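Everything on this sheet refers to the single structure shown next.
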Amino acid sequence: MLSMQDLSKVYRTHLVETHALREFSIHVEEGEFVAVTGPSGSGKTTFMNIAGLLEEHSGGRYQLDGVEVSGLSDRERSAMRNEKLGFIFQGFNLIPDLNLFDNVDVPLRYRGFGAKERKLRIERALEQVGLGSRARHYPAELSGGQQQRVAIARALAGEPRILLADEPTGNLDSAMARAVMEILEGINAAGTTIIMVTHDPELAARARRNVHIIDGQVTDLQSSFADSALGVSAPRESAA
Amino acid sequence: MEIRPIFSTILRNPVGLVLIGLQVALTLAIVVNALHIIGTRLDNMRASAGIDENNVLMISSTAFSVDDKPLDIARTDLDYLRSLPGVVNAMAVNTLPMTGSGWSTQVEAAEDPDSHDIATAIYFADETLVETLGLDLIAGRPFRAGEVTPFSMDDNLRPPVVIASAAAVLDLFPDLERPEDALGRLIWNGDENDRAASEIIGIVDGIKAPWRGFSVKIFDHVTFVPHIPTFDKSARYAIRSEAGQLDKLAGNVREQLAAQNLRRVVGEPRTFPEVRERFLRGDKSMAVMLIAVVVLLLLVNVLGIVGLVSFWVTQRTKQIGTRRALGATRGNILRYFLIENALITSVGVLLGAVLAMALSNWLASEFSVHRLPWYYLAYGAALLNALGLFATCLPALRAAGIAPAIATRSV
Ligand SMILES: Nc1ncnc2c1ncn2[C@@H]1O[C@H](COP(=O)(O)OP(=O)(O)OP(=O)(O)O)[C@@H](O)[C@H]1O
Ligand SMILES: [Mg+2]
């Protein structure tokens with residue numbers, strides 16, 4: 001589904017070069033739920049951005065859903081983000097001047113769906129996150145947890161192959177965080193691959209696979225861990 | 001394609017709509033009316049004065065003393081001028097078209113002083129007027145020698161017969177279908193207790209008044225009265241040369257006339273082409289000034305839009321990055337801002353069209369200029385829409401260049 005081999009990412013400013021990722025390799029199978037942990041500045045967001053085609057990598061190979069990403073044009077990358085990827089941001093990133101219906105509508109319009117199809121998908125997605133009755137409300141009228149659920153609905157409405165979530169619960173209290181996590185688990189159970197960055201050891205422990213990034217490199221706590229012992233990743237995380 | 005959500009976004013933050021909409025509306029209203037005035041001025045520059053412009057000059061004579069019998073001087077001078085080789089004819093006048101100074105009076109269509117009236121310029125003329133000025137007499141007859149009387153500063157203007165311009169009679173008698181039908185009608189002037197009627201005996205086409213002011217109609221309202229002006233010491237003569245002889249005549253006539261009578265000063269002759277050139281200088285500078293105003297307004301309009309859209313782009317940086325992350329292409333982002341601007345500009349243009357018509361109606365009633373033709377509005381609307389899109393492009397291209405990574409990198 002997602003495969004990175006010896007990937008590198010260098011940020012260059014006129015003063016310094018930052019090697020945000022080095023010899024970075026990871027393979028994610030269809031249907032996996034991967035929790036990414038690691039200390040601040042270790043390269044988690046950089047990994048997510050490259051995985052989500054928000055940034056280009058400097059070296060190495062990256063295949064997404066069987067497509068070699070390196071040669072793609074900006075337009076092709078946009079189309080791939082739109083069709084295959086769903087994004088959930090730490091800050092929700094809803095558009096304040098649009099109501100929930102229109103917020104969920106944003107990626108669907110770029111997709112070029114007809115009005116009927118969009119309406120159906122929007123209503124279904126909002127229903128799925130328990131906000132079906134709030135479609136005409138504006139983001140400012142919602143709690144943080146509700147806003148994040150709208151963002152999840154927005155990511156889901158296009159039926160992506162992979163959901164990328166960078167600290168989706170980072171701005172939420174633990175009760176709201178658990179609610180969001182439950183929704184994500186439901187989505188994953190329905191077959192969607194999820195990669196989630198989190199600082200919360202409890203949430204990371206609930207994922208079937210944990211990936212630890214330190215200094216721009218992966219320390220994979222093999223998938224087998226997830227099956228045998230859920231709690232194993234927790235001590236590791238506490239180091240972050 | 002995404003008009004509805006963009007429009008509801010605009011309505012949720014109507015400040016931009018109000019600012020840009022009002023700016024566009026005011027710009028449109030002023031610009032189309034200014035362009036209309038410029039257009040009218042350019043037409044004026046092309047307008048003919050209704051006389052044989054290339055062969056007419058005017059010259060003045062001022063006697064040293066009032067006792068010198070101005071009427072006698074005028075008669076002697078005219079006899080002499082008419083005898084000169086290369087001269088078609090000459091007559092005593094008070095003024096000529098486009099000189100910028102002269103007389104005007106109010107005339108009514110009926111005896112009742114409150115009946116429909118117009119303002120008209122008054123030209124003094126004698127029986128030679130058609131020949132001396134090269135007028136286009138489309139109906140009736142010129143004055144007869146016996147009808148022409150002297151007129152001094154102390155006299156009241158009450159000529160028994162007049163020759164009027166076609167435009168004047170059409171405006172004074174709105175029931176007329178053709179100006180020729182005004183022949184035999186009476187025009188009235190004078191105050192309540194002292195009404196005087198003049199019969200229209202001739203109609204002249206195309207003759208212009210000495211001035212225009214803001215009004216276009218006044219420029220076409222002319223009435224000839226059968227009088228020789230005898231104003232104290234000074235006299236003015238219009239002289240028509242044979243075709244192509246005007247410069248030669250202008251070169252000699254001053255000395256020739258002065259030699260006839262040494263007890264006066266003869267002024268520099270003014271050929272009609274000079275008169276016209278000086279008259280249109282005002283039109284030119286007015287047109288130049290209005291063009292400057294138009295350009296300035298359009299520039300302010302463009303800068304205003306560039307400024308506000310730039311502000312929006314900065315304010316919406318994260319939103320734009322998020323849209324890019326959700327699959328928007330650069331083209332989608334560019335299009336978003338262009339549609340937004342087109343919507344706002346359209347609202348402004350609609351409002352501006354109403355304002356422009358109101359302004360035009362006010363100008364029409366206040367200065368009797370012509371109403372704004374509809375196509376000025378159409379062109380103006382198209383121009384402002386095009387400028388709006390152009391102005392939006394600059395910041396919108398910057399918006400299209402915002403990296404999708406902004407979605408995760410900014411707080
Ligand atoms: N645009 C950039 N230009 C230069 N350096 C950058 C840029 N973005 C990230 N970096 C650097 O790359 C490194 C990795 O950053 P990244 O955001 O991926 O870390 P992170 O693991 O997400 O941290 P956190 O847990 O604090 O979010 C950091 O040293 C950061 O300073
Ligand atoms: Mg991060």
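Throughout, a chain's letter reflects where its sequence line sits, starting with A, and its residues are numbered from 1. Fair warning: this is a prediction, and the values are worked out from it, not measured in the lab. Scope of the values below: all heavy atoms of this structure, side chains included, with no hydrogens, waters or symmetry mates.
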| request: Could you point out which residue of B/L11, B/N13, B/I6 forms a side chain to side chain contact (heavy atoms under 4.5 Å, CB included) with A/D97? | output: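 Only one option passes, and that is B/N13.
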| query | side chain to side chain contact (heavy atoms under 4.5 Å, CB included) with B/T322: which of A/L94, A/V106, A/N93? | reply |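 Result for side chain to side chain contact (heavy atoms under 4.5 Å, CB included) with B/T322: A/N93.
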| query | Between B/R316 and chain A, which part of the residue has a heavy atom less than 4.5 Å away: side chain, backbone, both or neither? | reply |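 Answer is neither: B/R316 stays 4.5 Å or more from chain A.
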| Which bit of B/A325 comes within less than 4.5 Å of chain A, counting heavy atoms only: side chain, backbone, both or neither? |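 Both the backbone and the side chain of B/A325 come within 4.5 Å of chain A.
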| query | When you check the side-chain N and O atoms of B/T408 and A/D166, is any donor under 3.5 Å from an acceptor? | reply |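 Judged by distance alone, the side chains do not pair up.
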| said: Can you give me the closest heavy-atom contact between B/R12 and A/P96, atom names plus distance? | reply: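 In terms of heavy atoms, the two residues are closest at NH2-O, 3.8 Å.
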| message | Restricting to non-hydrogen atoms, name the atom on A/Y110 and the atom on B/L326 that form the minimum distance, rounded to 0.1 Å. | response |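 Between these two residues, the closest heavy atoms are CD1-O, 4.3 Å.
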| task | Answer whether the closest heavy-atom distance between the side chains of A/N49 and B/R409 falls below 4.5 Å. | result |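 SC-SC contact between A/N49 and B/R409 confirmed.
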| request: Taking the side chain as every heavy atom from C-beta outward, state whether A/D102 and B/S8 have any atom pair closer than 4.5 Å. | output: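 Answer yes - side chains close enough.
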| message | Tell me if the OH atom of A/Y11 is crowded by more than 12 foreign heavy atoms within 6.0 Å. | response |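 Counting other residues, nucleotides and ligands, OH of A/Y11 exceeds 12 neighbours.
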| Do other residues, nucleotides or ligands put more than 12 heavy atoms under 6.0 Å from A/F113 CZ? |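 Correct, the count exceeds 12.
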| request: Decide side chain to side chain contact (heavy atoms under 4.5 Å, CB included) for B/R323 and A/I95; before the verdict, give the C-alpha distance in whole Å, the side-chain angles of both, and the deciding distance to 0.1 Å. | output: CA-CA 9 Å; B/R323 285 178 180 274; A/I95 294 169; 3.5 Å; yes
| Considering heavy atoms only, which positions within residues 64-86 of chain A lie below 4.5 Å of chain B? |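 Residues of residues 64-86 of chain A touching chain B at under 4.5 Å: A/D74, A/R75, A/S78, A/R81, A/N82.
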| said: Is A/R111 close to chain B through its backbone or its side chain, or both, or neither, when contacts mean heavy atoms under 4.5 Å? | reply: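 Neither part; nothing is under 4.5 Å.
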| task | Please look at A/E55 and chain B and tell me whether the side chain, the backbone, both or neither of the residue comes under 4.5 angstrom of a heavy atom of that chain. | result |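 For A/E55, the side chain is the part near chain B, not the backbone.
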